[in-house]
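First comes the structure, then the notes that go with it.
Each chain gets a letter, A, B and so on, in the order the sequences are listed, and its residues count up from 1. Owing to the predicted nature of the structure, the values given are computational and were not obtained by experimental measurement.
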Amino acid sequence: MDEKERVEIRPLPRIGDQAPAFEAETTWGRLALEDFRDRWLILFSHPADFTPVCTTEFLAFQELHQSLKDLGVDLLGLSVDSVTAHIAWLRNMEEKFGVKIPFPVIADSDRKVAGLYGMIMPGESKTETSRCVFVIDPKGVLRAMIYYPLTTGRNMQEILRLVKALQTTDQHGVATPANWQPGEQVIMPPPKTMEAAEERVQQGMECKDWYFCKKKL
Amino acid sequence: MACIQPDGSLSRSGELILLAVHAPATPQEVARETGADLFLVRAAMREFMQAGYVEKLGDRYQVTPQGEAALEGAKAGKIEEIT
């Protein structure tokens, strides 16, 4: 392999790790990960400005923005395009779709942030960032990651559901079942002692068995 | 929104945020008062600290004489625009 073609493969960040710190140029000036502490953050990457799938995603993120803000969540986009390209694209969206993008976008021209978060998938593209989503909690811990390929736009409702599920887990110490939606029953963590297992069955929760109990919040 | 323009003058959001630290205030208080995002206020304070426009007193920030001068400059610029 030619030296120029060699792509540095870094380990991907892992759920439960402290999110890698960065400071980067954005469409709102220089921002650091540290600036987002005490609130939730959705850091997401897109492959390139002025491309149709990315445009639909930005429009969809904009629709989600107020709901996320109400949940204490900030949005931060990223691609390897320059600030100038980002500004031109965001202004184009405003002109063509009548939509103002209400969150900053990182211009990661040197791919420093992309490298830290493993946003470039060399098997798919050696230069563009894939469609990655990193959910970072108020303590700066990476709580969830979603990766989509270049061809496929993300499901924004799933991102919203994911954040609500994580916040429900933190607030009530519970887990959430498949396809859970806010308001539905949640899963109790498995009991750790024989006594607790017996009590749980007697408490009148909806239990299929001692390890599988659900309750309404 | 960078708060200090390349020519050293304040941007509109920069002026708003700097005005909010006339009396010492935490970034949370500034965010509440101005309606700006907390992350933006924190980034602004970093930028202002580097420029010497604010100083940190514990967990609060306060405008410095240099910052006051920048605010005066912004006011003068506006008067010039109007007249």
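Pairing each heavy atom of Trp28(A) with each of Asp37(B), the nearest pair is CZ3-OD2, 3.5 Å. The shortest heavy-atom contact between Ala32(A) and Arg46(B) is N-NH2, 3.5 Å.
The backbone N or O of Leu38(B) sits nowhere less than 3.5 Å from a side-chain atom of Arg39(A) that would complete a donor-acceptor pair.
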Requested in this report: Take Phe39(B) and Leu41(A) through the test side-chain contact (heavy atoms from CB on, under 4.5 Å) and record every step on the way to the result.
Outcome: CA-CA 10 Å; Phe39(B) 68 81; Leu41(A) 172 66; over 6 Å; no

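Listed by sequence position, the residues of residues 159-188 of chain A in contact with chain B number zero, using a 4.5 angstrom heavy-atom cutoff. Residues of residues 22-33 of chain B lying under 4.5 angstrom from chain A, judged on non-hydrogen atoms, are Gln28(B) in numerical order.
Atoms CZ and CD, from Arg42(B) and Glu34(A) in turn, are 7.0 Å apart once rounded to the nearest 0.5 Å.
Annotation: Arg91(A), atom CZ; neighbour count of heavy atoms from other residues, nucleotides and ligands within 6.0 Å does not exceed 12.
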